[in-house]
2 protein chains.
Amino acid sequence: MKNDPKRKIYTEILKTKGYKLTAPRLLVLDVFLQNRKPLNADFVYEKVRTKKTDRVTVYRTLKIFESARVIHQVNLKKDSVFFELTKDHHHHIVCLECGLIEDFDACTIDQLAKNVISKSPYFSSIDHHSLELFAICKKCNKG
Amino acid sequence: MKNDPKRKIYTEILKTKGYKLTAPRLLVLDVFLQNRKPLNADFVYEKVRTKKTDRVTVYRTLKIFESARVIHQVNLKKDSVFFELTKDHHHHIVCLECGLIEDFDACTIDQLAKNVISKSPYFSSIDHHSLELFAICKKCNKG
DNA sequence: ACACTAATTGCAAATCATTTGCAATTAGTG
DNA sequence: CACTAATTGCAAATGATTTGCAATTAGTGT
């Protein structure tokens with residue numbers, strides 16, 4: 001969505017880091033803004049391939065977005081790597097059988113992170129975190 | 001280590017699930033017992049290749065161990081998948097620059113998980129979880 | 001608006017990790 | 001000790017991701 005207020009935040013981050021705002025990059029960004037869940041390279045490519053964007057460009061764009069901290073990896077134990085927008089951060093419960101994903105917030109994690117940092121000899125601040133719970137969902141438990 | 005008390009726990013799990021205790025499987029298990037940190041397929045293979053064990057067997061063994069819940073995936077944002085023994089579970093702070101890993105415990109996560117479960121319409125229990133913090137370590141922050 | 005230049009792109013080919021098919025071997029059972 | 005299904009190793013296939021390179025383009029200054 002061109003009118004998503006977060007769009008500007010991300011494009012500003014990219015500009016600040018010296019990356020050009022090219023058509024493919026904006027397309028990929030919009031895929032993330034329009035699909036607020038963890039996405040893999042293939043999903044993104046399927047959404048932009050019609051708009052003359054190569055698969056390689058998708059890979060390269062994901063790398064750039066990741067290094068610019070616009071997106072980050074999410075551990076979903078699927079066969080490929082998934083990413084989500086950094087500002088959309090939340091946590092997931094993932095069904096080990098069917099892959100069902102439920103979101104949840106965990107405000108206590110920030111407190112926990114502070115605690116860990118205060119005791120660490122190597123780290124003094126946290127960039128971001130990843131908390132995933134894995135389970136068998138009720139449906140799969142029956143089957 | 002043949003004398004590691006946890007070795008028996010894992011071999012029992014494998015037996016119970018009907019998997020044969022073959023030489024390659026015991027070799028892979030021992031690699032995990034002797035290297036208490038997240039490992040990838042390549043690391044394991046390098047440790048067992050001398051003992052006439054094929055790379056394919058390593059991959060297949062990791063799959064079996066994962067489905068038997070002897071090991072599970074850890075999200076370290078590296079280019080390949082890492083695993084650790086389930087009973088060795090702890091959390092990590094990973095440096096986004098140099099990959100330095102520091103371990104920590106987080107006993108409050110279990111409470112948090114219970115809390116999430118009590119509110120979830122889809123899940124009624126947690127199998128395991130994954131909490132990783134990502135940061136730039138003090139050393140990399142200077143450089 | 002126009003030209004310049006480095007960054008970015010698309011394509012084709014290469015690489016890397018992981019998987020599959022199949023015949024030979026082996027662990028666990030009786 | 002023999003039996004049988006599970007497991008293994010090899011070779012080849014697959015699938016995801018990366019690389020080289022020439023053509024294109026965004027952002028800059030004019």
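First the proteins, then the strands, lettered A, B, ... as listed; each starts at 1.
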> How far apart are the closest heavy atoms of B:Leu14 and B:Ala68, and which atoms are they?
Replying inline: CD2-CB, 4.0 Å
> Is any side-chain heavy atom of B:Val31 closer than 4.5 Å to a side-chain heavy atom of B:Phe43?
Replying inline: yes
>> Using whole Å, what does the distance between atom C1' of nucleotide C:dG10 and atom CZ of A:Arg49 come to?
In response: 14 Å
> So, are A:Arg49 and A:Glu46 salt-bridged, with charged N and O less than 4.0 Å apart?
Replying inline: yes
> Over how many whole Å does the gap from A:Ile64 atom CD1 to C:dA7 atom C1' extend?
Replying inline: 9 Å
>> Is the shortest side-chain heavy-atom distance between B:Ile109 and A:Leu112 below 4.5 Å?
In response: yes
> Could you write out DNA chain C as a dot-bracket string, with dots for unpaired bases, | for bases paired across to another strand, and Watson-Crick or G-U pairs counted at under 3.5 Å?
Replying inline: ||||||||||||||||||||||||||||||
> Rounded to the nearest Å, what distance is computed from the OH atom of residue B:Tyr45 to the C1' atom of nucleotide C:dA17?
Replying inline: 13 Å
>> Between B:Lys47 and B:Asp30, does any NZ, NE, NH1 or NH2 come within less than 4.0 Å of an OD or OE carboxylate oxygen?
In response: no
> Is a salt bridge present between B:Asp4 and B:Arg36, judged by a nitrogen-to-oxygen distance below 4.0 Å?
Replying inline: yes
> Shortest non-hydrogen contact from A:Arg25 to A:Phe65?
Replying inline: O-CZ, 3.4 Å
>> From CG of A:Leu14 over to C1' of C:dA7, roughly how many Å is that when rounded to an integer?
In response: 14 Å
>> Treating primed atoms plus P, OP1 and OP2 as sugar-phosphate and everything else as base, which nucleotides of nucleotides 20-30 of chain C get B, S or - for protein heavy atoms under 4.0 Å?
In response: BB-----BS--
> Out of D:dG9, D:dT17, D:dT8, which nucleotide sits closest to the side chain of A:Arg55?
Replying inline: D:dT17
>> Rounded to whole Å, please give me the gap between CG in A:Asp54 and P in D:dA16.
In response: 15 Å
>> With a sphere of 6.0 Å drawn around NZ of B:Lys17, does it hold more than 12 non-hydrogen atoms of other residues, nucleotides or ligands?
In response: yes
>> What is the separation between atom CZ on B:Phe65 and atom P on D:dT7, rounded to the nearest whole Å?
In response: 11 Å
> Does the side chain of B:Tyr59 get closer than 4.0 angstrom to OP1 or OP2 of C:dT18 through an N or O atom?
Replying inline: yes
> Just how far, in rounded Å, is P of D:dT17 from CG of A:Asp42?
Replying inline: 8 Å
> Rounded to the nearest Å, what distance is computed from the NZ atom of residue B:Lys17 to the P atom of nucleotide D:dT7?
Replying inline: 14 Å
> Is the closest side-chain donor-acceptor distance between A:Glu84 and A:His72 under 3.5 Å?
Replying inline: yes
